[in-house]
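Model, not experiment: these values are computed from the prediction.
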Amino acid sequence: MSIDHTRIMLNTLKQYSACEISLTSNDKTNTFPMLNICYKDFNFEVTNLRTLAVFTMGSVDSTLSRIETEFNMVY
């Protein structure tokens with residue numbers, strides 16, 4: 001997924017904060033949920049579903065950076 005598409009999804013999430021985004025990773029043999037992203041109390045909350053680590057960011061750009069970091073840790 002492109003960074004521009006992810007940016008649009010995060011900005012949309014701000015408008016529909018009762019929703020969540022789940023990002024799934026695919027390798028050649030498995031598909032597994034990786035991140036859950038929600039928007040609450042004017043912050044994005046990114047949860048790594050493998051480690052259950054929770055990160056709170058105040059901006060779209062910092063959230064994009066965290067998403068990229070979490071995906072890079074897998075590959």
Side-chain angles (χ1 to χ4, degrees):
M1 176 181 336
S2 75
I3 196 163
D4 291 330
H5 184 70
T6 306
R7 182 183 306 279
I8 290 168
M9 287 178 31
L10 292 174
N11 282 314
T12 302
L13 185 60
K14 286 173 72 172
Q15 295 175 357
Y16 300 98
S17 59
C19 299
E20 295 180 352
I21 298 171
S22 293
L23 298 177
T24 303
S25 180
N26 297 314
D27 63 16
K28 295 186 189 296
T29 58
N30 295 313
T31 300
F32 54 92
M34 193 170 151
L35 299 176
N36 189 63
I37 305 156
C38 64
Y39 186 76
K40 60 184 179 183
D41 300 326
F42 303 101
N43 289 298
F44 291 98
E45 186 174 277
V46 177
T47 303
N48 182 318
L49 298 174
R50 293 179 135 199
T51 66
L52 300 180
V54 178
F55 305 94
T56 303
M57 278 73 55
S59 71
V60 169
D61 288 334
S62 61
T63 305
L64 288 169
S65 178
R66 173 49 56 185
I67 291 168
E68 183 177 3
T69 298
E70 293 302 310
F71 268 97
N72 287 336
M73 291 176 74
V74 172
Y75 295 105

Self-check item: Donor-acceptor contact below 3.5 Å, side chain Thr51 vs main chain Ala53
Solution: yes
Practice problem: State yes or no: do Phe71 and Leu49 share one hydrophobic cluster built from I, L, V, M, F, W and Y residues joined by side-chain heavy-atom distances below 4.5 Å, directly or via other members? | Solution: no
Exercise. Report the distance from atom CD of Glu20 to atom NZ of Lys40, rounding to the nearest 0.5 Å.
Key: 8.0 Å
Quiz item: So, for Ser22 and Asn36, which heavy atoms are closest and what is the spacing to 0.1 Å?
Solution: OG-OD1, 3.2 Å
Exercise. Mind checking the CD1-CG spacing from Ile21 to Leu35? Nearest 0.5 Å is all I need.
Key: 10.5 Å
Quiz item: Are any non-hydrogen side-chain atoms of Leu13 and Ile37 less than 4.5 angstrom apart?
Solution: yes
Self-check item: Separation of Asp41 CG from Ser17 OG (nearest 0.5 Å)
Solution: 9.5 Å
Self-check item: Asp4 side chain reached by Thr6 side chain, heavy atoms, under 4.5 Å
Solution: no
Practice problem: Starting at CD of Glu68, measure out to CG of Leu64 and round the result to the nearest 0.5 Å. | Solution: 8.5 Å
Quiz prompt | Separation between CZ of Phe44 and OG of Ser62, rounded to the nearest 0.5 Å | solution = 8.0 Å
Quiz item: Quick one: are Thr24 and Met34 in side-chain contact, heavy atoms under 4.5 Å?
Solution: no
Quiz prompt | Joint hydrophobic cluster, Leu23 plus Val60, side-chain heavy atoms closer than 4.5 Å | solution = yes
Quiz item: How many angstroms lie between CD1 in Ile8 and CD1 in Ile3, if you round to the nearest 0.5 Å?
Solution: 11.5 Å
Exercise. Tell me, please, which residues at least two apart from Thr12 pass side chain to side chain donor-acceptor pair (under 3.5 Å).
Key: none
Exercise. Any chance you could lay out the side chain to side chain contact (heavy atoms under 4.5 Å, CB included) test for Thr63 and Asp61, step after step, and finish with the verdict?
Key: CA-CA 5 Å; Thr63 305; Asp61 288 334; over 6 Å; no
Quiz prompt | Test side chain to side chain contact (heavy atoms under 4.5 Å, CB included) applied to Phe55 and Glu70, step by step | solution = CA-CA 10 Å; Phe55 305 94; Glu70 293 302 310; 3.4 Å; yes
